[in-house]
Protein chains: 2
Amino acid sequence: MKTMHKEHTLTKNQQIIFDLIDKSPEPMKAYSILFNVQKKGIKAPLQVYRALDKLVEIGKIHKIESRNAFIACQNSSCQVAKATAFSICEMCEKVTEISSAGLSKYLTNFKDKEGMKYSKYNLEFFGLCKKCRT
Amino acid sequence: MKTMHKEHTLTKNQQIIFDLIDKSPEPMKAYSILFNVQKKGIKAPLQVYRALDKLVEIGKIHKIESRNAFIACQNSSCQVAKATAFSICEMCEKVTEISSAGLSKYLTNFKDKEGMKYSKYNLEFFGLCKKCRT
DNA sequence: TACATAGTGTTATATTATAACAATTTAAAT
DNA sequence: ATTTAAATTGTTATAATATAACACTATGTA
Ligand SMILES: [Zn+2]
Ligand SMILES: [Zn+2]
Ligand SMILES: [Zn+2]
Ligand SMILES: [Zn+2]
């Protein structure tokens, strides 16, 4: 018996906004998204934020908290939408989702001083990307 | 020869705002800080944000990015103000700064797929605190 | 069909953060 | 002590990010 994975059929607004973010080479901000989808009939911030909330919830996109911006998940098969890690270039703002079994294993197994474990986390690394180091 | 640590004498506004955050049992938001220091003559958001920026820069406080809130550094001797880790209770919003030599060592030594290391990072763990687990 | 759930459209508003500019304080450097 | 540069302050205005409230519509399912 196969483990089923709930398929989330995106609604019209969700699909429009996901497509935009997914084809963007960089994280997009909510009002930039709004501007870009107005021609498709999405006119108000709330329509954007609602779609973003849902897309984040189902793991299709992630929020880069330090930038208030949204990026498509780069691990299409990622089961752990709630355990995310990114590298962020402080020069050019390039953001890359880190997919490291070792890292996620380490963090998932990490115990704090009271022995508490956390399956949900967000990690943002900062530095200079390859290009910007020159 | 002792390694000297630059002493940052706080200015009046910085001290007022640091004291407030430092005695708060929970992270404080900028406009809540503003409200609380108005009686001391700090009347405008910019005055608060400027002090916050400086306090973050020198490591006296940290920003909890997922909450847009500020907390006093709980590692007074922390040399690595730019390498932070927190646990956040999703029920009661209690935030604790994690001070783990193992964790910081692991993250500082972590290499991404291109062999890149990052000395600066921010990690936020989410879960239920001891109290909220009951 | 009837019901519940999720999504939509809309207006208004709340919250978080910065721009721009003049004045003042502070800490060197001469 | 005087000059100078850097940092900080005070102030007004505005930008950027995000949510509340409400009426309505689509969708799945019992
Ligand atoms: Zn992902
Ligand atoms: Zn770069
Ligand atoms: Zn700290
Ligand atoms: Zn709690």
Side-chain angles (χ1 to χ4, degrees), chain A residues 4 6-21 24 26-71 88 90 93 95 122 124, chain B residues 4 6-21 24 26-71 88 90 93 95 122 124:
Chain A
M4 288 310 272
K6 176 79 159 39
E7 267 314 317
H8 288 276
T9 308
L10 301 184
T11 64
K12 183 165 138 286
N13 288 1
Q14 289 162 8
Q15 189 69 58
I16 289 169
I17 288 172
F18 174 73
D19 287 345
L20 178 67
I21 296 171
S24 170
E26 61 206 13
M28 294 195 75
K29 302 193 143 226
Y31 278 72
S32 162
I33 293 167
L34 175 58
F35 179 80
N36 279 278
V37 297
Q38 277 179 330
K39 65 182 80 73
K40 303 215 171 172
I42 296 177
K43 294 178 193 152
L46 246 199
Q47 294 175 289
V48 172
Y49 280 105
R50 285 195 285 224
L52 290 174
D53 284 351
K54 190 66 186 185
L55 291 167
V56 166
E57 183 192 328
I58 65 181
K60 300 279 287 182
I61 67 173
H62 304 299
K63 182 173 186 181
I64 308 300
E65 293 286 357
S66 65
R67 301 299 187 258
N68 296 320
F70 300 85
I71 190 176
I88 302 172
E90 292 186 293
E93 294 294 323
V95 173
N122 181 54
E124 296 180 4
Chain B
M4 291 307 274
K6 176 80 161 40
E7 265 315 316
H8 289 275
T9 309
L10 301 184
T11 65
K12 183 166 137 288
N13 287 2
Q14 290 162 9
Q15 190 69 57
I16 289 168
I17 287 172
F18 175 72
D19 287 345
L20 178 66
I21 296 171
S24 169
E26 61 206 14
M28 292 194 75
K29 302 194 142 223
Y31 278 70
S32 161
I33 292 168
L34 175 58
F35 179 80
N36 279 276
V37 297
Q38 277 180 329
K39 63 181 83 72
K40 303 213 169 173
I42 297 176
K43 294 177 195 154
L46 246 199
Q47 295 175 288
V48 172
Y49 280 104
R50 284 196 286 225
L52 290 174
D53 284 350
K54 190 68 185 181
L55 291 168
V56 166
E57 181 191 330
I58 65 182
K60 299 279 289 180
I61 66 172
H62 303 300
K63 182 172 185 181
I64 308 301
E65 293 286 358
S66 65
R67 300 298 187 260
N68 298 319
F70 300 85
I71 190 174
I88 302 173
E90 293 186 292
E93 294 295 322
V95 173
N122 181 54
E124 298 180 3

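Reminder, nothing fancy here: chain letters follow the sequence lines and each chain counts from 1. These numbers were taken from a predicted model, which means no experiment stands behind them.
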> Which angle, to the nearest 10 degrees, lies between the helix axes at the two ends of the helix from dT1(C)-dA30(D) to dT30(C)-dA1(D), each defined by five pairs?
Replying inline: 40°

>> Going 5' to 3' along DNA chain D, which are the first and last nucleotides with any atom under 4.0 Å from a heavy atom of chain B?
In response: dT8(D) to dT12(D)

>> Here's a test of your reading of the structure: between Asn68(B) and Ile42(B), which maps to the more 5' nucleotide of DNA chain D?
In response: Ile42(B)

>> Could you tell me how far apart Lys12(A) (NZ) and dT8(C) (P) are, to the nearest whole angstrom?
In response: 8 Å

> Tell me, do Val95(A) and Glu26(A) make a side-chain contact under 4.5 Å, heavy atoms counted?
Replying inline: no

>> Checking side-chain polar atoms at under 3.5 Å, does Glu65(A) have a donor or acceptor matched by the opposite partner on Ser66(B)?
In response: no

> Within this structure, what is the CG-to-P distance between Leu46(B) and dA22(C), rounded to whole angstrom?
Replying inline: 16 Å

> Hey, does Gln47(A) reach any base, or is it just sugar-phosphate, or nothing, if we go heavy atoms under 4.0 Å?
Replying inline: base

> Should Ile16(A) and Lys12(A) count as side-chain neighbours, where that means a heavy-atom distance under 4.5 Å?
Replying inline: yes

> Roughly how many Å is it from CE in Met28(B) to P in dT15(C), rounded to a whole number?
Replying inline: 15 Å

>> For a quick test of reading the model, state the closest non-hydrogen atom pair linking Phe70(B) to Ile61(B) and the distance between them.
In response: CD2-CD1, 4.0 Å

> For DNA chain C, whose closest nucleotide is more 5', that of Tyr31(A) or that of Ala44(A)?
Replying inline: Ala44(A)

> In whole angstroms, how far is the C1' atom of dA6(C) from the CG atom of Asp53(A)?
Replying inline: 14 Å

>> Nearest whole Å is fine: how far is dT25(C) P from Asn13(B) CG?
In response: 13 Å

> Which heavy-atom pair separates Ala30(A) from Val48(A) by the least distance, and what is that distance?
Replying inline: O-CG1, 3.8 Å

> What pair of heavy atoms forms the shortest contact from Leu52(A) to Ile17(A), and how long is it?
Replying inline: CD2-CG2, 4.1 Å

>> Do Lys60(B) and Ile21(B) have side chains that approach each other closer than 4.5 Å (heavy atoms only, starting at C-beta)?
In response: no

> Given Gln38(B) and Asn36(B), is the side chain to side chain donor-acceptor pair (under 3.5 Å) satisfied, shown in steps?
Replying inline: CA-CA 6 Å; Gln38(B) 277 180 329; Asn36(B) 279 276; over 6 Å; no

>> I need the CZ-C1' distance between Phe35(B) and dT16(C), as an integer number of Å.
In response: 18 Å

> For Leu10(A) and dG7(C), what is the distance between atoms CG and P respectively, to the nearest whole Å?
Replying inline: 10 Å

> Measuring from Asn68(B):CG to Met28(B):CE, what's the distance to the nearest 0.5 Å?
Replying inline: 14.5 Å

> Can you tell which of dC21(C), dT16(C), dT10(C) lies closest to the side chain of Arg50(B)?
Replying inline: dC21(C)

>> Please report the distance, rounded to the nearest Å, between CZ in Phe18(A) and P in dG7(C).
In response: 16 Å

